[in-house]
K.L.:
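This is the structure I want to talk about, given as structure tokens.
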Amino acid sequence: MAWKNHSAITEFLLTGLSDDPLIEALLFVLFLGIYLLTLTGNLMLLVVIRADSHLHTPMYFFLSNLSFLDLCFSSVTVPKLLKDLLSQKKSISIEGCLAQVFFVFITAGTEAFLLSMMAYDRYAAVCHPLLYGQMMSNEFCLKLVLLSWLLASLSSAVIVLLAVNLDFCEAYTIHHYICELPSLFPLACSDISINVDILICSILLHGLGTFLPIFFSYARIVSTILNMKSTTGRSKAFNTCSSHLIAVVLFFGSGLVRYLMPTSGSSLDLLSSLQYSAVTPMLNPLIYSLKNKEVKAAMQRTVEKCLRYWA
């Protein structure tokens, strides 16, 4: 493998978010709080959906998978960030760096596909309510989720296998807090043109392949809502889609900025990565629970069951 050609380079140094000990201590408290909220919120959502039979529908099946992905996505990046915020030397082995690249890609890629499928689910619910049960059968939903994992896994494997063959020379400082290919490529002393082309193609396929179905689904949803005569019906249809739409904007907005904009090592690179890898996984359960009456009712029923059990 590539790192054997340059045995002197066995690890990368990360610049992290700051080199000021006081700021790092404050950031540690902040991101520890974000990570604990992410774990608590997503685990609670998983338990409530599992425990409450009222939520055993396609929409909440996808939402439970989204919560699981957010747990995985956040756990790939935030624990390492927390460790580095307490460390004087922020380092990561080449093998560990490529492993982090792989898991960032597979979790982010699967989440992009899943958000696309959730948009189709909302389209079926709003535009074809009488056929919803047939269009979104349990078997079909399971196949969609497995397909999203398969496509993201294949894409991640191809990208990382190509990165394994890169030669890394004297430059070994990554101007970021995690390993991401846009920050890793500038450190290679071998030709990266093919890697960059494949990365761009992969991002475009992921982006367009998942964003276009979302766009067309919501175009049909908006058209259907505008044609509704009942104000109550419009409000109900909008409420069923608003949470998902907010999640889409948060995830795709920051992800596309990070991977399609030229890497500069600026604050924008760090903020966009923090947004989709740390902040969005924390916000998703809040968005879906605070804006969803069914989830709030299910949480209340679950809490009441627990209290009766322990009483």
Side-chain angles (χ1 to χ4, degrees), residues 31 34-50 55-81 99-122 136 138 140-157 159-160 178-180 202-203 205-207 209-211 213-214 243-256 258-259 272-289 292 295:
F31 285 104
I34 288 175
Y35 188 54
L36 291 176
L37 284 173
T38 301
L39 293 179
T40 303
N42 285 290
L43 285 173
M44 184 179 296
L45 205 52
L46 281 169
V47 170
V48 168
I49 292 173
R50 176 69 177 173
L55 302 184
H56 292 176
T57 63
M59 174 182 175
Y60 296 107
F61 172 71
F62 289 128
L63 181 55
S64 62
N65 279 276
L66 181 65
S67 291
F68 175 72
L69 273 170
D70 282 336
L71 283 173
C72 296
F73 198 4
S74 182
S75 297
V76 170
T77 57
V78 180
K80 171 61 177 169
L81 170 61
Q100 191 174 57
V101 167
F102 175 78
F103 286 112
V104 165
F105 256 93
I106 192 173
T107 50
T110 305
E111 185 157 338
F113 283 117
L114 189 62
L115 288 171
S116 178
M117 294 165 186
M118 292 174 75
Y120 178 76
D121 172 72
R122 294 299 81 207
M136 303 302 297
N138 292 337
F140 181 63
C141 293
L142 179 60
K143 287 180 179 179
L144 287 179
V145 171
L146 293 176
L147 180 63
S148 66
W149 277 100
L150 176 62
L151 292 175
S153 299
L154 290 174
S155 176
S156 303
I159 288 172
V160 172
I178 58 172
C179 283
E180 290 184 316
S202 177
I203 296 302
L205 286 173
H206 269 76
T210 56
F211 186 76
I214 293 174
S243 298
H244 176 259
L245 195 56
I246 293 172
V248 167
V249 171
L250 288 174
F251 180 79
F252 279 92
S254 55
L256 291 177
R258 175 66 182 120
Y259 280 89
S272 58
S273 293
L274 287 170
Q275 171 64 49
Y276 75 78
S277 66
V279 179
T280 298
M282 176 194 69
L283 292 178
N284 278 341
L286 295 175
I287 292 168
Y288 278 98
S289 59
N292 191 303
V295 173

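Note that these values count all heavy atoms, side chains included, but never hydrogens, waters or copies made by symmetry. This chain uses plain numbering: 1 for the first residue, then up along the sequence. Since we're looking at a predicted model, the values are computed, not measured.
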K.L.:
Give a yes or no on whether the backbone of T107 and the side-chain of T110 come within a donor-acceptor separation of less than 3.5 Å.
P.N.:
no

K.L.:
Side chain of H244, backbone of M118: donor and acceptor closer than 3.5 Å?
P.N.:
no

K.L.:
Heavy atoms only: give me the nearest A278-V78 pair and the separation to one decimal.
P.N.:
CB-CG2, 3.9 Å

K.L.:
Begin with the C-alpha distance, continue with both residues' side-chain angles, and end with the deciding distance and a verdict on side-chain contact (heavy atoms from CB on, under 4.5 Å) for R122 and M59.
P.N.:
CA-CA 8 Å; R122 294 299 81 207; M59 174 182 175; 3.5 Å; yes

K.L.:
What is the distance from atom CG of D121 to atom OG of S116, rounded to the nearest 0.5 Å?
P.N.:
11.5 Å

K.L.:
Only counting residues at least two apart or in another chain, list the ones meeting side-chain hydrogen bond (donor to acceptor under 3.5 Å, both in side chains) with Q100.
P.N.:
none

K.L.:
Given 3.5 Å as the limit, does a donor-acceptor pair link the side chain of N65 with the main chain of F61, or not?
P.N.:
yes

K.L.:
Which pair of non-hydrogen atoms, one from S67 and one from L46, has the smallest distance, and what is that distance?
P.N.:
CB-CG, 4.0 Å

K.L.:
Atom SG of C141 and atom OH of Y60: how far apart are they, to the nearest 0.5 Å?
P.N.:
14.0 Å

K.L.:
Work out which heavy atom in E111 is nearest to a heavy atom in F73; give both atom names and the distance.
P.N.:
OE1-CD2, 4.0 Å

K.L.:
Quick one, Y120 and P213 - any side-chain contact, counting heavy atoms below 4.5 Å?
P.N.:
no

K.L.:
Taking all heavy atoms of M282 and all of T38, pick out the closest pair and write down the distance.
P.N.:
CB-OG1, 3.2 Å

K.L.:
Are Y276 and P281 packed together at the side-chain level, in the sense that at least one heavy-atom pair is separated by less than 4.5 angstrom?
P.N.:
no

K.L.:
Over all heavy atoms of both residues, which pair between M117 and L144 is shortest? Give the atoms and the distance, please.
P.N.:
CE-O, 2.9 Å

K.L.:
For D70, check side-chain hydrogen bond (donor to acceptor under 3.5 Å, both in side chains) against everything at least two apart and list the hits.
P.N.:
N284

K.L.:
Rounded to the nearest 0.5 Å, what separation is found between the CG atom of L274 and the CD1 atom of I178?
P.N.:
8.0 Å

K.L.:
SG of C72 to CZ of F103: how many Å apart, nearest 0.5 Å?
P.N.:
9.5 Å

K.L.:
Could you give me the CA-CA distance, side-chain angles and deciding distance for I287 and L250, then say whether side-chain contact (heavy atoms from CB on, under 4.5 Å) is met?
P.N.:
CA-CA 11 Å; I287 292 168; L250 288 174; 3.7 Å; yes

K.L.:
Can you measure from CZ (F68) to CG (L45) and round to the nearest 0.5 angstrom?
P.N.:
14.0 Å

K.L.:
Look up atom CG in L39 and atom OG in S74, then write down how far apart they are to the nearest 0.5 Å.
P.N.:
6.5 Å

K.L.:
Just distance, no hydrogens or angles: give the donor-acceptor pairs under 3.5 Å from side chains in residues 145-157, sequence neighbours left out.
P.N.:
{"residue": "S148", "atom": "OG", "partner": "V145", "partner atom": "O", "Å": "2.5"}
{"residue": "S153", "atom": "OG", "partner": "W149", "partner atom": "O", "Å": "2.6"}
{"residue": "S155", "atom": "OG", "partner": "S202", "partner atom": "OG", "Å": "2.8"}
{"residue": "S156", "atom": "OG", "partner": "I106", "partner atom": "N", "Å": "3.1"}
{"residue": "S156", "atom": "OG", "partner": "A152", "partner atom": "O", "Å": "2.7"}

K.L.:
What heavy-atom pair brings A108 and F251 nearest, and what distance separates the two atoms?
P.N.:
O-CZ, 3.4 Å

K.L.:
Run through I49, N42, L69 and flag the one making a side-chain contact (heavy atoms from CB on, under 4.5 Å) with S64.
P.N.:
I49

K.L.:
Using the side-chain contact (heavy atoms from CB on, under 4.5 Å) rule, take L115 and T210 through it: C-alpha gap first, then chi angles, then the decisive distance, then the call.
P.N.:
CA-CA 8 Å; L115 288 171; T210 56; over 6 Å; no

K.L.:
For R50, is there any backbone N or O sitting under 3.5 Å from a side-chain donor or acceptor partner on H56?
P.N.:
yes

K.L.:
Stepwise, does the side-chain contact (heavy atoms from CB on, under 4.5 Å) test hold for I159 with F105?
P.N.:
CA-CA 9 Å; I159 288 172; F105 256 93; 3.4 Å; yes

